[in-house]
Number of protein chains: 2
Amino acid sequence: MIGCPKCAQVGTIMKAGYVRNKQRYVCKACNYFFTIASTEEPHKRQKSRRHQTTIIDIAKSVGVSNSTVSRALHGHADINPETRQAILDMAAQLDYQPNQLAYNLVKSRTNTIGMIVPEFHNRFFPNVIMGAHQVLTEQGYNLTIMQSNESFAVEVANTKAMLANRIDGLLISLTQETNSFEHLQVFEKRGIPLVLFNRVCDDVHAPKVVVNDFEAAFMAVEHLIKNGYERIAHLGGPLNLLVSRERMKGYRAAMEKYGKPVEEELVIQGMLSQQKARIYGKYLLDLENRPDAIFAVNDSAAIEIMLMAKEKGIRVPDELGVVGFSDNPESAYIGPGLTTVRQPTIEIGKTTARWILQMIDDEEEFSDGEERILKTELIVRGSSLRHR
Amino acid sequence: MIGCPKCAQVGTIMKAGYVRNKQRYVCKACNYFFTIASTEEPHKRQKSRRHQTTIIDIAKSVGVSNSTVSRALHGHADINPETRQAILDMAAQLDYQPNQLAYNLVKSRTNTIGMIVPEFHNRFFPNVIMGAHQVLTEQGYNLTIMQSNESFAVEVANTKAMLANRIDGLLISLTQETNSFEHLQVFEKRGIPLVLFNRVCDDVHAPKVVVNDFEAAFMAVEHLIKNGYERIAHLGGPLNLLVSRERMKGYRAAMEKYGKPVEEELVIQGMLSQQKARIYGKYLLDLENRPDAIFAVNDSAAIEIMLMAKEKGIRVPDELGVVGFSDNPESAYIGPGLTTVRQPTIEIGKTTARWILQMIDDEEEFSDGEERILKTELIVRGSSLRHR
DNA sequence: TTGTATGCGTTATCAC
DNA sequence: GTGATAACGCATACAA
């Protein structure tokens, strides 16, 4: 029990916070404040087993203030080269590792861009990541990747986490399920740059990077038509995905342009899973009056079709033309080769990354849904070249 | 120009810091300190255009202290249900988003696991990521992915960034170039959990998750031998990769076991690029006395071999058996099908993730290089089945 | 050129 | 049940 240094009373003393690592007390009797150097417990500093050395440690060791250390570490001007060197040496000696968390907190920016992708199953998103990663690292940004796993709930959770972690910008490609967009509109509201790519939507005011799905689909179908196919089916993706809708439109437009009637029983709109592809494929191939060509919304589906055709003894491309979308690696190697649409995946990544950096630098206003449309390329292989 | 409230002089006033958000001044004439509520500029708070609402804002609005708000937000006990609800409502109304940075700083943990992979070119790492991601998100952890791009320098930079961002643990697969390991030993020194996978090394005391490369290679070569191939070449990877060395050993062991002499001109050790694969493949196929089978260190190389064989009119599998490693998606579709070794990629990811979580929870000591070895599976396809 | 003091947004300790 | 206030580690405006 301690007594008051002023009125010498005992039992009237209570703690009153800390001052410079010393316990501060107040005497209730005489209202006198005083401190006592906390002897047995040097409060925090160096307390925890795993104390990470901080700039304060360096400052103490060198005998300067923490601000000087901070300046030295950041190569600010106006600093004595000798102190500076001493600080740098001490930092190395103490194995100093800057704490990015503290830095970010005080700067309220993280130099980190977030990216949310729906899946890692195909080459598409890994490639986009590679492209974005390259641009971002060149500019000194980190890239944090999350995966929504085609689940709306996970996507929302991911955006929340990104927000909480105060990323400087978000690149996102939506899930198949995503039909509501509040979780994205938050970014707009808070002025955090946002760029959508590939799986985009019209309900959020943010730049979008896409490919010319409509044109690509149009060209793919046109290619089939020019190769003599007449009754072309379309195995499409879920209609809440813009890309599916665009490809569907492209299909219909091409059919119309060349005067081919679209038989609705040959047009399917569904999910993208492999299982579904098999089911729809079977349906199409088992039709009494089966199509002589199929334009599939992606390569996985197209490949399923080709495998089933083989099982059923239907010859590709003579009895059945097939065109896919995306140019998966296996498409070059299967059967007679799968004709498909190649997407500039790396370029998509680079473009989205450049755009968001620009938004950050320019503090550019959210554009009213501006779109950048990258060009695809039709890769013609055996599956669509009928031997006449 | 303001005058001194005490001596009423003007022009003797200078700023002297802030006190409770008020500008503090001192009169140089009479040495009197005083403050003036900064009217036009309420200092910080709400100053920045993009002020994020904080718990303090909530506290003020509700009329309680920030500690109460903090407790309410975290569902602590001992809080009046009404105040609690009021706080929650206000939080929603003000669109409060917790600042993870501040949270992390004070807790000095981030709930984030870092992962560094050398490349995104093959399916391997994306799959590992999927596995790890699943386990980590289930346990409430975030996963931050970085890519070293097969560059040692980038790898070192990445580990530094991870360190700076105070991740709670690191999962890493090394680059082909990595021959020194100080950047990893730092983790050990600082007690940050570290797990190596796939591309591991013996120079750092950390758990490793690998597959049975030796056995797998042994079985692959054994399979070729049992299918009647005699002079089996090995197109190996760079020897500083442990996986390459193990596969090489497995190859040699199998050859030895079955009394096949290893002809050193049929054994190549090199880098993994596609270009190199073509060069080495050409060398092997152009040999005067060319091998009748090739065991390649990965599928990309094996596929290059198959393509070149086709170009040269060498029939696979009759004139040349080929076995790869990894089971890339295209391997199932090429030519007669590529026999290969399937790695449990998803499981690798899950295992590394589980392990690092365990290390975090148990504060487990760094094990002395303990290893977990997952099983591979030989996928037999046409490329190794000679028609006798 | 260097030091002082304050703030970034939270949590946690302790007094009440 | 609630309120002060000290950290967390760093940057920086001002003062010196």
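Note on naming: letters A, B, ... go to the chains in the order of the sequence lines (proteins, then strands), and numbering restarts at 1 for each one.
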For a 4.5 angstrom cut-off between non-hydrogen side-chain atoms, does B:Asn66 reach B:Thr54? no
Check whether any side-chain nitrogen or oxygen of A:Ser108 sits under 4.0 Å from OP1 or OP2 of C:dG9, and answer yes or no. no
Of A:Ile55 and B:Thr83, the one whose nearest nucleotide on DNA chain D sits closer to the 5' end is B:Thr83
Can you find a heavy atom in the side chain of A:Ser151 that is under 4.5 Å from one in the side chain of A:Glu155? no
Non-hydrogen side-chain atoms of B:Val154 and B:Thr175 separated by less than 4.5 Å: no
Counting only side-chain nitrogens and oxygens, does A:Tyr96 get under 4.0 Å of the OP1 or OP2 atom of D:dC10? yes
I want to verify a distance call: between C:dT1, C:dT2, C:dG3, whose nearest atom is closest to the A:Ile79 side chain? C:dT2
Between C:dG3 atom P and A:Asp78 atom CG, what is the distance in whole Å? 14 Å
Measuring to OP1 and OP2 of C:dT13, would you say a side-chain N or O of B:Ser67 lies under 4.0 angstrom away? no
I need the CG-C1' distance between A:Leu101 and D:dA11, as an integer number of Å. 15 Å
Can you tell me which nucleotide in C:dG3, C:dT2, C:dT10 comes closest to the side chain of B:Tyr103? C:dT10
Atom CD1 of B:Ile58 and atom C1' of C:dT10 are separated, to the nearest Å, by 12 Å
B:Ser70 (side chain) and C:dA12 (base): donor-acceptor pair under 3.5 Å: no
NE2 of A:His76 versus C1' of D:dA11: gap in Å, rounded? 8 Å
Would you check if B:Thr112 and B:Leu143 make a side-chain contact, meaning some heavy-atom pair closer than 4.5 Å? no
Parallel, tilted or perpendicular for A:Phe181 and A:His183, by the 30°/60° rule? parallel
Grab the CG-C1' distance between B:Asn165 and D:dC10 for me, whole Å please. 14 Å
Output the rounded distance in Å from CZ (B:Arg71) to C1' (C:dT13). 10 Å
Tell me which of B:Gly63 and B:Leu105 sits closer to the 5' end of DNA chain D, going by the nucleotide each one is nearest to. B:Gly63
A:Thr68 side chain, from C-beta outward: closest of C:dC8, D:dG3, C:dG3: C:dG3
Give the rounded distance in Å between these two atoms: CZ of B:Arg84 and P of D:dT2. 11 Å
Residue-phosphate contact under 4.0 Å: B:Ser65 side-chain N/O, D:dA4 OP1/OP2: no
Which part of the nucleic acid, if any, lies within contact of A:Asn104, taking any heavy atom under 4.0 Å across all strands shown: a base, the sugar-phosphate backbone alone, or nothing? nothing
Calculate the interatomic distance between B:Asn99 atom CG and C:dG7 atom P; express it in whole Å. 17 Å
